[in-house]
Amino acid sequence: MPDVKLALAPQTLTQTINPWSWTFGDFSLFTINLGTSKAPNVETRVMNEVGSYGRQLGRIGEALAAVVAWAESQGMPETDAIVALKLQLEHIDVIRREEGRAAALPAATKAAAKP
């Protein structure tokens, strides 16, 4: 008896599930509430004109790395908090390089960021 193959569906089925993009005009299936703001208009403008929370934190981290590098060159002792911060900043740089983005830490602070 011959083999009979009945294909009712494609060999490979894939479906991308990204609920954050499921919007229908002004209606969304999901709402993310980041809390209440005393000045929501200011917060919205900052997000639109200055940058996302991630970008803002990134800039703060870069500036803090430069301050820490300078303070250490002046003899500031290294604390557990400073070690943890430097490790986090270095980890962020590794991720950025892996994703094809330029590292954020300047070369001077990169050397100081290594515990």
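Reckoned from all heavy atoms, side chains included, excluding hydrogens, waters and symmetry mates.
Arg59 contributes atom CZ, which lies 15.0 Å from atom CG of Leu64 (distance to the nearest 0.5 angstrom). Taken from CD in Glu49 to OG1 in Thr44, the straight-line distance is 10.5 Å, to the nearest 0.5 Å.
Between the Gln56 side chain and the Gly51 main chain, a donor and an acceptor come within less than 3.5 Å of each other.
Under the 4.5 Å side-chain heavy-atom criterion for grouping Ile, Leu, Val, Met, Phe, Trp and Tyr, Leu85 is not connected to Trp70 through any hydrophobic cluster. At a threshold of 4.5 Å between side-chain heavy atoms, the hydrophobic network of Ile, Leu, Val, Met, Phe, Trp and Tyr places Val46 and Tyr53 in two separate groups.
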### Message
With side chain to side chain contact (heavy atoms under 4.5 Å, CB included) as the criterion, how do Arg101 and Ile95 come out once you've worked through the C-alpha distance, each side chain's angles and the decisive distance to 0.1 Å?
### Response
CA-CA 8 Å; Arg101 303 282 309 265; Ile95 292 170; over 6 Å; no
### Message
For a side chain to side chain contact (heavy atoms under 4.5 Å, CB included) check, start with the C-alpha distance between Leu87 and Val83, then their side-chain angles and the critical distance, and finish with the verdict.
### Response
CA-CA 6 Å; Leu87 286 172; Val83 170; 4.1 Å; yes
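In terms of heavy atoms, Val50 sits closest to Arg55 at O-CD, 4.3 Å. Contact record, Gly61 with Leu89: O-CD1, 3.6 Å, taken as the closest heavy-atom pair.
One finds a salt bridge joining Lys86 and Glu78 here, because a Lys/Arg side-chain nitrogen approaches an Asp/Glu carboxylate oxygen to under 4.0 Å. Residues Glu90 and Arg97 are paired through a salt bridge, judged by an N-O separation under 4.0 Å between the basic side chain and the carboxylate.
Within 6.0 Å of the CD atom in Glu99, the count of heavy atoms belonging to other residues, nucleotides or ligands does not exceed 12. Within 6.0 Å of CG on Asp80 lie no more than 12 heavy atoms contributed by other residues, nucleotides or ligands.
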